[in-house]
Amino acid sequence: MIRNRLITRRSLLQTGAALSATTLAAPGILRAQDQYPARNIQIVVPTAEGGGADRNFRAFTQIWQKYLNTGFEPSYYPGASGRVGYEVFMGRHDADAYSLIFGNMGPEVLNWAMQMPDFSLDDYFYWGRVDVDPCVVFVGAESPFQTIDDIVEEGKKRQLTVGTSRMAHPASIGILSIGDATGAQFNLIPLAGGKGTVAGAVTGEVDFSVLTSGSVIAAGDAVRTLCVMGTNRVGERLNNAPEMNAHFNLDLPEMLSSRAFAIHRKAAEDFPERYAILQETFKQSFEDPELAVVYEESGGAPEYLSYGGPEECGEFAAAMLELGGKYKSLLSGA
């Protein structure tokens with residue numbers, strides 16, 4: 001038996017279709033299962049307390065708890081680029097819909113492309129996307145590079161060093177794809193998280209850096225964004241930088257930091273009424289105008305709030321897994 005089989009596009013879409021049908025039946029189910037939830041929901045966060053994922057989680061659940069009518073109890077398991085948290089979630093938490101994991105789909109799915117976990121990837125799935133924060137190419141304010149085309153032209157003459165928060169990250173895949181499309185040569189340099197990646201560009205330790213845009217916006221005038229690896233939803237706050245696909249005539253998925261809730265597949269299958277309630281109340285939270293307020297107060301850009309169901313999550317995760325396999329040899333060392 002092949003234990004660590006990949007999530008296939010087919011299986012993910014099948015999951016989405018099945019769960020959409022469940023959601024349509026939610027009103028009746030809600031009436032029949034009014035005892036759920038009978039206790040707090042446990043949330044595994046595979047990063048450190050106080051980080052971006054934690055702030056995002058706290059802001060969203062502040063609204064979600066109004067509709068789900070229960071509390072959330074987070075536990076934090078940083079380490080090994082998120083692998084520790086997933087191992088704990090899959091190995092120690094019951095598949096009863098009282099345990100969820102709140103993950104950053106892009107970089108955490110890419111982990112599996114580098115090295116498969118001890119559990120099957122089909123044993124859990126993302127079903128509730130909270131946000132879509134695009135990755136960007138940026139330089140320090142004193143950099144001689146003024147445009148992404150300047151970088152590409154220089155990269156055709158010599159190999160440029162590129163700071164990244166971790167090797168297996170959507171931002172890394174984005175810049176490698178630009179190199180493939182243009183012939184420019186880029187050498188990824190893993191720096192110490194988001195702050196280290198910003199510092200590398202500002203100090204000139206690397207020629208330029210790639211990172212999710214939230215951290216770049218927070219750096220203010222110390223940096224300048226030259227390209228957005230997705231949709232530029234915030235305009236001037238990213239220097240009205242061009243979008244990767246349009247500028248380089250590419251057809252890639254958006255390279256995102258995209259946080260989402262995931263559940264054991266067995267829980268969704270054994271307790272479809274509970275899963276339907278989770279979905280319904282999760283979606284209701286996006287219709288609450290207070291969500292944008294608390295999200296902005298937490299440091300997030302409200303423009304990045306974006307509801308996504310199991311199908312949208314599944315398509316993104318599958319795309320990241322496929323691209324991770326393509327660039328695996330260049331992403332080692334994560």
Side-chain angles (χ1 to χ4, degrees), residues 50-52 55 106-107 132-248 250 252 254-257 296 299-301 303-304 327 330-331 333-334:
R55 294 194 298 274
V132 287
D133 181 354
C135 301
V136 298
V137 178
F138 68 101
V139 295
E142 304 300 322
S143 171
F145 298 127
Q146 298 298 313
T147 69
I148 186 64
D149 293 326
D150 291 342
I151 285 179
V152 168
E153 289 306 310
E154 185 67 15
K156 292 178 180 177
K157 301 173 186 174
R158 64 180 176 93
Q159 187 179 65
L160 301 182
T161 54
V162 185
T164 185
S165 60
R166 63 171 81 169
M167 295 290 278
H169 192 282
S172 303
I173 289 177
I175 196 61
L176 292 174
S177 298
I178 291 174
D180 281 348
T182 62
Q185 300 178 62
F186 302 128
N187 180 31
L188 293 169
I189 307 295
L191 299 175
K195 291 182 179 179
T197 304
V198 170
V202 172
T203 62
E205 178 184 356
V206 290
D207 289 305
F208 67 95
S209 286
V210 293
L211 191 62
T212 48
S213 70
S215 299
V216 177
I217 292 172
D221 294 337
V223 298
R224 188 169 60 252
T225 300
L226 301 185
C227 184
V228 181
M229 301 177 184
T231 302
N232 185 352
R233 295 174 174 81
V234 296
E236 291 184 358
R237 278 179 282 174
L238 291 177
N239 304 105
N240 291 314
E243 297 173 357
M244 175 180 66
N245 279 347
H247 195 74
F248 294 106
L250 297 174
L252 293 169
E254 289 194 89
M255 300 299 159
L256 303 169
S257 173
E296 187 167 24
E303 294 88 343
Y304 291 165
Y327 290 108
L330 300 177
L331 300 176

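Being a predicted model, the structure only gives us computed values, none of them experimental.
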Find out whether [X] and [Y] are in side-chain contact, i.e. whether some heavy atom of one side chain is under 4.5 Å from a heavy atom of the other.
X    : Y    : value
I148 : H247 : yes
D150 : L226 : no
C135 : M244 : no
V198 : L191 : no
P134 : M229 : no
T225 : S213 : no
I151 : V137 : yes
D133 : L256 : no

Derivation of the side chain to side chain contact (heavy atoms under 4.5 Å, CB included) call for L211 and T164 = CA-CA 6 Å; L211 191 62; T164 185; over 6 Å; no
message = The test is side chain to side chain contact (heavy atoms under 4.5 Å, CB included); show your working for T161 and F208 and say whether it passes.
response = CA-CA 7 Å; T161 54; F208 67 95; over 6 Å; no
query = So does R158 pair up with E154, basic N to acidic O under 4.0 Å?
reply = yes
Checking the side chain of [X] only, and the main-chain atoms of [Y] only, is there a donor and an acceptor separated by less than 3.5 Å?
X    : Y    : value
N239 : A241 : no
S172 : A168 : no
R237 : I217 : no
T212 : G214 : no
R55  : G50  : yes
N245 : L252 : yes

Got a second to check how far [X]'s [atom1] is from [Y]'s [atom2], nearest 0.5 Å?
X    : Y    : atom1 : atom2 : value
M167 : I173 : CE    : CD1   : 11.5 Å
L331 : L188 : CG    : CG    : 7.0 Å
D180 : F186 : CG    : CZ    : 10.0 Å
T231 : L238 : OG1   : CG    : 11.5 Å

Taking atom [atom1] of [X] as the centre, report whether more than 12 heavy atoms of other residues, nucleotides or ligands fall under 6.0 Å from it.
X    : atom1 : result
E142 : CD    : no
E296 : CD    : no
K156 : NZ    : yes

Do you know the tightest heavy-atom contact between [X] and [Y]?
X    : Y    : value
I178 : V152 : CG2-CG2, 4.2 Å
G194 : S165 : N-CB, 4.1 Å
M255 : G174 : CG-CA, 4.0 Å

inquiry  = Quick one, S257 with Y304, criterion side-chain hydrogen bond (donor to acceptor under 3.5 Å, both in side chains). Give me CA distance, side-chain angles, the key distance, then yes/no.
reply    = CA-CA 10 Å; S257 173; Y304 291 165; over 6 Å; no
request  = Start with the C-alpha gap between V223 and V139, add the side-chain angles, then the distance that decides, and say whether side chain to side chain contact (heavy atoms under 4.5 Å, CB included) holds.
outcome  = CA-CA 6 Å; V223 298; V139 295; over 6 Å; no
inquiry  = Would E254 and R233 count as a salt bridge (charged side-chain N to carboxylate O under 4.0 Å, His left out) here? Give the steps.
reply    = CA-CA 12 Å; E254 289 194 89; R233 295 174 174 81; 3.3 Å; yes
query = Would T197 and S209 satisfy side-chain hydrogen bond (donor to acceptor under 3.5 Å, both in side chains), going step by step from the backbone distance to the final call?
reply = CA-CA 6 Å; T197 304; S209 286; 5.7 Å; no
